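Note that the coordinates shown come from a computational prediction; the quantities given were computed from them, not determined experimentally.
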Amino acid sequence: IFATNAGIYARDRTPLGLHVARGETLRPLNTGAGGGNFFMKPNGVFFLEDRRASILETNQYMASDHTPIIAVQSGPLLLQQGPIHPRFIPDSDSRYVRNGVGVNAEGEVVFVISILPVNFYDFAMLFRDRLDCADALYLDGAISGMYAPFASRWDIGLEYVGILAVTERRTS
């Protein structure tokens, strides 16, 4: 009933960071340095564990003992326990269609994709001020897409390395 691309990938078309599906680690945590949005520290991990969603900064995740059923590492963190990423500039002209994930005060997962190009600062402010999220993670930019028929959104034809999806529960 919903799907979006799950983070940034490497040139070899593999996830750039941690990727866990059905409890199996398909790609390990990436604590390296480099260029691009993924390596704009702090970056982080979105994960589901024990029917609860969380977002942690990469080093916090590494220092913990989590065994998620689903996890994706991406970057940068948009929000970390409330504050906006320190490198975001309010009037930046770096504008792209962007997608991200947050966890709101009720513990609900909130996925967002911008309709028009937006800078990181404004995107983070949306999660914090309008969606009541203390933690939010950037998933990707220019190639972002979302399948959300309830919102009249059907971005099709794009290729992704990973996808986060919500499906209907089987009753039988």
Side-chain angles (χ1 to χ4, degrees), residues 2-10 14-89 94 96 98-114 118-141 143-146 160-167:
F2 166 84
T4 192
N5 53 310
I8 298 171
Y9 56 86
T14 59
L16 194 53
L18 178 69
H19 191 92
V20 176
R22 296 185 180 126
E24 180 182 352
T25 300
L26 303 175
R27 192 77 171 174
L29 196 68
N30 182 341
T31 59
N37 293 330
F38 180 90
F39 294 106
M40 189 187 303
K41 305 293 173 80
N43 61 10
V45 177
F46 165 73
F47 62 100
L48 299 175
E49 179 181 45
D50 299 326
R51 304 181 70 107
R52 185 172 169 248
S54 298
I55 296 172
L56 287 177
E57 186 273 332
T58 295
N59 290 320
Q60 289 175 328
Y61 183 90
M62 186 173 58
S64 64
D65 189 27
H66 291 286
T67 54
I69 190 76
I70 294 171
V72 61
Q73 181 186 12
S74 195
L77 274 175
L78 299 168
L79 303 170
Q80 185 178 10
Q81 298 175 346
I84 293 174
H85 193 289
R87 291 188 50 199
F88 294 171
I89 301 166
S94 175
Y96 292 94
R98 301 182 189 275
N99 73 328
V101 60
V103 179
N104 71 17
E106 305 296 319
E108 298 167 325
V109 177
V110 179
F111 288 100
V112 173
I113 188 166
S114 64
V118 63
N119 66 33
F120 275 128
Y121 186 88
D122 292 339
F123 197 53
M125 292 286 288
L126 171 75
F127 277 98
R128 190 188 74 185
D129 296 347
R130 303 272 315 271
L131 300 174
D132 199 23
C133 296
D135 297 297
L137 180 65
Y138 175 69
L139 292 174
D140 208 351
I143 65 160
S144 296
M146 188 174 284
Y160 300 117
V161 170
I163 295 174
L164 292 168
V166 176
T167 59

(request) For Ile70 and Val20, run side chain to side chain contact (heavy atoms under 4.5 Å, CB included): C-alpha distance rounded to whole Å, both residues' side-chain angles, the deciding distance at 0.1 Å, then the answer. (result) CA-CA 5 Å; Ile70 294 171; Val20 176; 5.9 Å; no
(request) Tell me, with the steps shown, if Arg98 and Asp140 meet side chain to side chain contact (heavy atoms under 4.5 Å, CB included). (result) CA-CA 6 Å; Arg98 301 182 189 275; Asp140 208 351; over 6 Å; no
(request) Assess whether side chain to side chain contact (heavy atoms under 4.5 Å, CB included) is satisfied between Gln60 and Thr58, documenting all intermediate values. (result) CA-CA 5 Å; Gln60 289 175 328; Thr58 295; over 6 Å; no
(message) Does Leu139 form a side chain to side chain contact (heavy atoms under 4.5 Å, CB included) with Val101? I'd like the steps, not just the answer.
(response) CA-CA 7 Å; Leu139 292 174; Val101 60; 4.2 Å; yes
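Atom CD of residue Gln81 and atom SG of residue Cys133 lie 13.5 Å apart, to the nearest 0.5 angstrom. Taking CZ of Phe111 as the start and CG of Leu131 as the end, the distance is 13.0 Å to the nearest 0.5 Å. Atom CG of residue Asn104 and atom CG of residue Asp135 lie 11.0 Å apart, to the nearest 0.5 angstrom. Here the CG-CE distance, from Leu56 to Met62, works out to 12.0 Å after rounding to the nearest 0.5 Å.
By the side chain to side chain contact (heavy atoms under 4.5 Å, CB included) test, Arg87 pairs with Met40, His85, sequence neighbours left out.
Asn37 has its side chain within reach of Ile8: a pair of non-hydrogen atoms, C-beta onward, lies under 4.5 Å apart.
Residue pairs meeting the ring pair (Phe, Tyr, Trp, His ring centres under 6.0 Å) criterion with at least one partner in residues 46-78, sequence neighbours excluded, are Phe47-Tyr61, Phe47-His66, Tyr61-His66.
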Quiz: residues 118-129 side-chain donor-acceptor pairs under 3.5 angstrom, not counting sequence neighbours:
| residue | atom | partner | partner atom | Å |
| --- | --- | --- | --- | --- |
| Asn119 | OD1 | Tyr121 | N | 3.1 |
| Asn119 | OD1 | Asp122 | N | 2.7 |
| Asn119 | ND2 | Pro90 | O | 3.2 |
| Asn119 | ND2 | Ser92 | O | 3.1 |

